[in-house]
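Order of the sequence lines sets the chain letters (A, B, ...), proteins ahead of strands, with each chain counted from 1. Keep in mind it's a predicted model, so treat the numbers as computed, not measured.
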2 protein chains.
Amino acid sequence: MTAAWLQRWRAYAGEFLHEDLLAAFVVSVLLIPQSLAYAMLAGLPAQTGMYASLLPLLLYALLGSSPYLGIGPVAVLALMIAQTLGQAPAGVSPGEAALVLAAEVGLILAAAAALRLDALAALLSVPVLHGFETGATLSIAAAQLPVLLGSPASGFDLPSLLGSAMASGGQWHRWSAAFGVGAVCVLVFGRQGLAALLGRWMGEVRAALLLRLLPLVLLLLAMSASRGLDAVSAGVAVVGELPPLHLGLSLPRLDAALWQAMLPGALLLALMAYVTSLVVSESLARRRAERVDARRELLGLAGANLAAALSLGMPVAASFSRSVLLYDAGSRTRMSGVFIAFAMGLAMWLLAPLLAWLPKAVLAATILVAVLSGLKFAPFAQAWRYARAEAVLMGLVTLLVLFWSVSAALGLGVLGAIALLLQRTARPHVALIGRVPGTEHYRNMDRYQVECLPGVMGLRIDESLLFTNARSLTDVVQALLEQQPDTRRVVLQMAPVNAVDFSGLEALRDLHEALRRQDIRLDLSEVKGPVLDRLKASAWQHWFRGQLFLSHHQGMLDGSRVASDWVSP
Amino acid sequence: MTAAWLQRWRAYAGEFLHEDLLAAFVVSVLLIPQSLAYAMLAGLPAQTGMYASLLPLLLYALLGSSPYLGIGPVAVLALMIAQTLGQAPAGVSPGEAALVLAAEVGLILAAAAALRLDALAALLSVPVLHGFETGATLSIAAAQLPVLLGSPASGFDLPSLLGSAMASGGQWHRWSAAFGVGAVCVLVFGRQGLAALLGRWMGEVRAALLLRLLPLVLLLLAMSASRGLDAVSAGVAVVGELPPLHLGLSLPRLDAALWQAMLPGALLLALMAYVTSLVVSESLARRRAERVDARRELLGLAGANLAAALSLGMPVAASFSRSVLLYDAGSRTRMSGVFIAFAMGLAMWLLAPLLAWLPKAVLAATILVAVLSGLKFAPFAQAWRYARAEAVLMGLVTLLVLFWSVSAALGLGVLGAIALLLQRTARPHVALIGRVPGTEHYRNMDRYQVECLPGVMGLRIDESLLFTNARSLTDVVQALLEQQPDTRRVVLQMAPVNAVDFSGLEALRDLHEALRRQDIRLDLSEVKGPVLDRLKASAWQHWFRGQLFLSHHQGMLDGSRVASDWVSP
């Protein structure tokens with residue numbers, strides 16, 4: 001047994017170890033400041049973010065599927081967590097509520113995996129997802145400005161942020177702002193300047209590698225400067241003394257009222273954690289012509305969040321920026337996640353004494369630069385050109401995040417997308433079809449020169465017959481019949497009908513009945529195999545009086561018509 | 001002007017007056033006890049139901065479209081109203097809250113008409129609607145039993161009803177039960193016995209007409225008996241003294257907290273009022289090969305509910321039983337509704353003094369017989385045979401109504417139907433297609449003997465590319481590519497793709513990009529006109545490197561392949 005493991009490890013070490021270690025190092029350097037910053041953004045103690053970067057990564061490595069996912073605290077989730085923690089009953093600390101939230105997210109994802117609900121990812125259409133991410137990014141960036149400038153203002157939506165800024169009279173703090181703005185400059189301009197400088201000195205490849213260390217260097221610089229200049233005495237807000245490292249497991253608080261208060265938020269968080277992670281892993285898998293197992297992703301995320309709940313963390317997902325970094329830095333297996341977890345543990349142990357001095361304004365700068373780099377407005381223009389209604393939905397979701405709340409934006413966005421879908425499929429497209437002269441092909445009469453048979457109406461249904469459109473089937477056919485009152489037989493070409501649900505079956509029966517009352521026979525042609533199997537399983541022979549034809553042409557002729565019967569309409 | 005009206009009236013009187021008057025009389029006889037009973041069921045004073053049968057009918061006649069709709073109080077709505085009124089703030093009488101509720105229902109329906117949201121009727125699929133109606137019927141019937149037997153128990157879901165019955169120790173009242181059970185016997189057996197008796201005496205047609213008077217005769221008998229036997233002194237619960245008739249208009253109470261508390265219930269009531277009325281009018285219109293104008297129905301119902309709100313009524317809709325009666329009795333125009341309203345006004349004036357004596361148990365009997373006659377279990381069996389998942393949904397909605405609440409049942413039912421829809425369309429069906437030898441027809445390789453071209457993969461997408469399935473497109477194609485690793489070109493037959501939404505466009509782009517990375521070209525064939533127009537409106541020429549072909553056969557050959565290239569797989 002041990003020998004087998006040793007052998008596997010040797011094979012792994014020979015092939016992938018080097019690349020995984022390097023990728024893990026590069027990502028850890030970015031994860032250290034981000035984990036602290038996103039915990040702060042969520043309104044939680046800074047170390048919560050680091051705890052969420054230890055055990056959850058091990059669990060994902062064990063249960064997940066992608067070698068590129070940068071699991072851990074994520075900005076958009078942090079914003080959602082901040083707003084959800086506001087719903088916690090009085091007397092519960094944010095930290096306790098966050099553990100319950102992580103446990104619920106983990107259990108919901110595990111249940112979704114067990115019930116094979118991976119298809120629910122479809123709930124978040126591209127417009128809703130992009131609108132939401134844009135709104136969340138802008139909202140997070142706006143919330144960082146007061147921290148960056150040392151202002152007492154706070155809030156996660158623009159109205160409360162502006163109100164709070166007005167109430168504090170636009171007050172700011174000089175030294176905090178110096179740290180914050182300085183950090184932004186280092187992260188934005190320092191990178192460009194250093195790239196040129198180091199590139200000349202040591203070659204571009206090494207320079208690029210060294211530049212990856214910038215976030216860590218900035219953190220160390222800021223902590224040293226803050227300590228050296230005694231920033232605390234000057235009134236700069238710092239992270240402050242952290243409690244001693246605690247590596248045991250503990251159950252989240254079992255309090256029914258707390259669990260109930262967190263549940264609506266947990267549902268939205270679970271959906272968002274799953275969908276954003278899936279989008280990241282799918283887009284990276286496409287680059288290598290690999291496929292993603294959505295259920296394994298659900299399981300991995302469920303494990304990671306449950307681990308976070310048991311080890312003093314917060315809800316986690318895959319970060320887009322860290323995942324791309326992990327991919328670009330050459331991660332080959334999920335072992336890189338294990339190495340990142342070890343690096344984070346080491347960093348916690350080494351950095352803990354220094355973190356007390358870290359100015360919050362520097363963390364705000366980290367968040368600001370990280371989220372703004374992901375901002376994309378092009379999809380709004382693309383959507384506007386392609387489909388106005390969807391572009392409007394996208395913009396509405398963005399505005400709802402900014403001016404109301406993430407849960408309202410997400411809920412209404414999903415409902416809006418479904419409403420658009422229902423509106424689109426509400427009337428089945430039913431085309432009058434005729435014969436292309438001299439062939440057995442049938443085409444839409446409105447678009448082609450075709451011929452028809454007097455007394456026989458050929459129709460093609462261009463949608464599956466589902467509850468979204470079933471109710472209007474008879475109405476649509478009746479409207480066509482009013483144009484051709486001499487019709488004695490209707491032949492419905494069912495080739496484009498991929499499915500008929502129970503509402504569709506009722507609609508077919510209603511149509512049959514309505515036609516029968518007018519002495520018109522309803523025949524079906526080219527019914528797809530699976531659809532016919534289902535129809536036969538129901539007791540449809542009790543009411544269906546028409547015939548089934550394998551080809552629409554046979555259906556039109558019905559064995560009794562001859563070539564000279566065809567006329568041009 | 002007056003002359004023109006007079007002329008129209010003469011034309012009407014000559015053609016339809018007789019039939020409309022007769023139908024109105026028959027329906028009024030049924031509406032008198034029902035309007036009182038459904039108001040009681042909704043937890044409102046009995047006269048509320050009669051007020052809701054006056055002005056609302058005139059407004060529907062003015063704005064609506066169907067000559068057969070029996071507008072007025074409806075059992076299922078009454079149950080929903082009863083549960084919604086429980087949400088009213090303290091200090092508001094049920095009557096006041098019901099007026100606000102009717103106003104909101106009217107405004108919502110008017111807004112839906114203005115925004116052309118008539119397609120939202122699709123939200124209630126057949127399984128959800130039937131499950132809901134069955135649950136509501138059983139729940140209403142159960143709630144009538146204590147009233148019928150003179151027990152103090154009450155409640156609208158089984159748990160609270162049983163709890164309340166247990167608490168009262170199964171207590172019942174002999175005289176109330178005598179009235180209640182007697183009324184049930186008259187309504188059920190009396191009709192059968194009298195039909196035989198009267199049929200022999202005066203012929204079947206006249207007997208049937210006379211039997212329609214039975215509900216009114218029962219009411220008069222019960223009131224006389226109750227007065228003669230001094231039932232009140234014996235402890236029988238009666239309707240009691242009614243306030244004097246009030247025919248003026250008044251605005252509902254303008255209280256923000258009350259309007260807000262009623263709003264969620266009003267949304268569900270509006271949806272249910274609209275859909276049930278639409279189902280009734282459509283099923284009656286089908287019998288005569290007529291069509292229903294859904295927007296006119298929305299307008300008519302909006303007007304009727306707003307009228308109810310201004311004239312001391314309650315939310316109204318079309319009753320299935322009264323509509324069928326109106327149709328069968330030969331109503332020809334919406335004037336029959338006007339006559340019913342006049343008949344109700346007359347009845348209120350004549351009966352008001354007597355109604356004080358009417359035992360509530362007799363009204364309970366009226367409700368019980370009316371709702372149970374509409375109970376149908378066959379659709380459960382049909383749905384089970386046809387589609388298990390939908391049958392389960394139907395049953396779940398029924399149980400939710402019985403054991404939880406109408407709003408929970410309706411909300412979860414709609415969500416369940418949408419979840420089933422998403423699940424069904426979550427993976428686009430993509431078929432490998434090959435050429436039927438010697439033709440230009442292409443068919444699914446799994447089902448037909450076809451031949452293919454090495455290096456070229458022909459695929460057919462069998463669904464519209466919408467957000468529900470877009471995300472898995474690349475994944476499905478990638479899975480097929482793993483079976484044919486020598487593919488250099490993919491030709492996608494787009495004939496069954498009726499629409500591509502923004503998420504679908506992104507998916508197409510992702511697929512294009514994923515194939516490009518594998519040096520595989522993506523071509524499209526037989527793209528439908530409207531779909532192509534939309535694609536061209538977007539900036540797709542910036543990224544699309546493949547070709548468009550008018551026929552799939554041309555796409556496979558791409559101008560360079562010859563007959564001998566084809567092979568059997």
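In this structure, the portions of Ala539(A) lying under 4.5 Å from any heavy atom of chain B include both its backbone and its side chain. For Val497(B), no part sits under 4.5 Å from any heavy atom of chain A, backbone or side chain. Neither the backbone nor the side chain of Ala381(B) comes within less than 4.5 Å of any heavy atom in chain A. Heavy-atom distances place both the backbone and the side chain of Gln382(B) under 4.5 Å from chain A. Using a 4.5 Å cut-off between heavy atoms, Thr474(A) contacts chain B through its side chain alone, with no backbone atom that close. Residue Arg517(B) touches chain A through its side chain alone, counting heavy-atom pairs closer than 4.5 Å. Contact annotation for Val128(A): neither backbone nor side-chain heavy atoms come within less than 4.5 Å of a heavy atom of chain B. With a 4.5 angstrom heavy-atom cutoff, Arg516(A) does not touch chain B via any of its atoms. Proximity to chain B is absent for every atom of Val414(A), based on heavy atoms less than 4.5 angstrom apart. For chain B, the nearby part of Asn498(A) is the side chain; its heavy atoms alone come within less than 4.5 Å. Both the backbone and the side chain of Gln478(B) have a heavy atom closer than 4.5 Å to some heavy atom of chain A. Both the backbone and the side chain of Ala121(A) have a heavy atom closer than 4.5 Å to some heavy atom of chain B. For chain A, the nearby parts of Ala479(B) are the backbone and the side chain; heavy atoms of each come within less than 4.5 Å. Only the side chain of Ala499(B) comes within contact range of chain A, with heavy atoms under 4.5 Å apart. Using a 4.5 Å cut-off between heavy atoms, Ala285(B) does not touch chain A at all. For a residue to count as touching a neighbouring chain, one of its non-hydrogen atoms must lie under 4.5 Å from one of that chain's; by this rule His441(B) touches chain A with the side chain only. Interface residue Leu505(B): only side-chain heavy atoms are found under 4.5 Å from chain A. In this structure, chain A has heavy atoms under 4.5 Å from both the backbone and the side chain of Asp475(B). Heavy atoms closer than 4.5 Å to chain B are found nowhere in Glu513(A), neither backbone nor side chain. Heavy atoms of Leu129(A) lying under 4.5 Å from chain B belong exclusively to its side chain.
Among Ala470(A), Ala383(A), Gly504(A), Ala387(A), the residue making the largest number of heavy-atom pairs under 4.5 Å with chain B is Ala383(A). No other option in Leu421(A), Asn469(A), Thr468(A), Leu515(A) has as many heavy-atom pairs under 4.5 Å with chain B as Leu421(A). Counting heavy-atom pairs under 4.5 Å between each of Gln518(B), Glu506(B), Arg287(B) and chain A puts Arg287(B) at the top. Per-residue heavy-atom pair counts under 4.5 Å with chain A were compared for Ser503(B), Ala419(B), Ser538(B), and the maximum is reached by Ser503(B). Taking chain B as the reference chain and counting heavy-atom pairs below 4.5 Å, the highest number among Glu290(A), Lys536(A), Arg288(A), Glu482(A) is found for Glu482(A). Interface check for chain A: of the options Leu278(B), Leu511(B), Asp510(B), Ile418(B), the most heavy-atom pairs under 4.5 Å are formed by Asp510(B). When the candidates Glu390(B), Arg385(B), His130(B) are compared by the number of heavy-atom contacts under 4.5 Å with chain A, Glu390(B) comes out ahead.
Here the CG-CD1 distance, from Asp446(A) to Ile433(A), works out to 12.0 Å after rounding to the nearest 0.5 Å. With values rounded to the nearest 0.5 angstrom, Gln484(A) atom CD is found 4.0 Å from Met457(A) atom CE. Taken from CG in Leu393(A) to OG in Ser125(A), the straight-line distance is 6.0 Å, to the nearest 0.5 Å. Between Gln493(B) atom CD and His553(B) atom NE2 the span is 12.5 Å, to the nearest 0.5 Å. The line from CE of Met445(B) to CZ of Arg443(B) is 13.5 Å long, rounded to the nearest 0.5 Å.
In this structure, Phe377(A) and Thr134(A) have side chains that are in contact, with non-hydrogen atoms separated by less than 4.5 Å. At least one side-chain heavy atom of Ile461(A) sits less than 4.5 Å from a side-chain heavy atom of Leu473(A). Contact check for Leu535(B) versus Phe544(B): no side-chain heavy atoms found under the 4.5 Å cut-off. Put simply, the side chain of Tyr448(B) does not reach to within 4.5 Å of the side chain of Val436(B), judged on heavy atoms.
Aromatic ring pairs are classed by plane angle as parallel below 30°, tilted from 30° to 60° and perpendicular above 60°; the pair Trp543(B) and Trp540(B) is perpendicular. Ring geometry for Tyr386(A) against Phe502(B) counts as tilted: the plane angle lies between 30° and 60°, on a 0 to 90° scale.
For Leu115(B), the CG atom counts as densely surrounded, since its 6.0 Å shell holds more than 12 non-hydrogen atoms of other residues, nucleotides or ligands.
Both the sub-6.0 Å distance and the 45° axial angle are not jointly satisfied by Arg460(B) relative to the ring of Tyr442(B).
At distances below 3.5 Å, at least one donor-acceptor pair connects side-chain atoms of Arg488(A) with backbone N or O atoms of Asp519(A). The main-chain N or O of Phe467(A) is found under 3.5 Å from a side-chain atom of Asp501(A) such that the two form a donor-acceptor pair.
Between Asp293(A) and Arg291(A), no side-chain nitrogen of the basic residue sits less than 4.0 Å from a carboxylate oxygen of the acidic one, so the salt-bridge criterion is not met.
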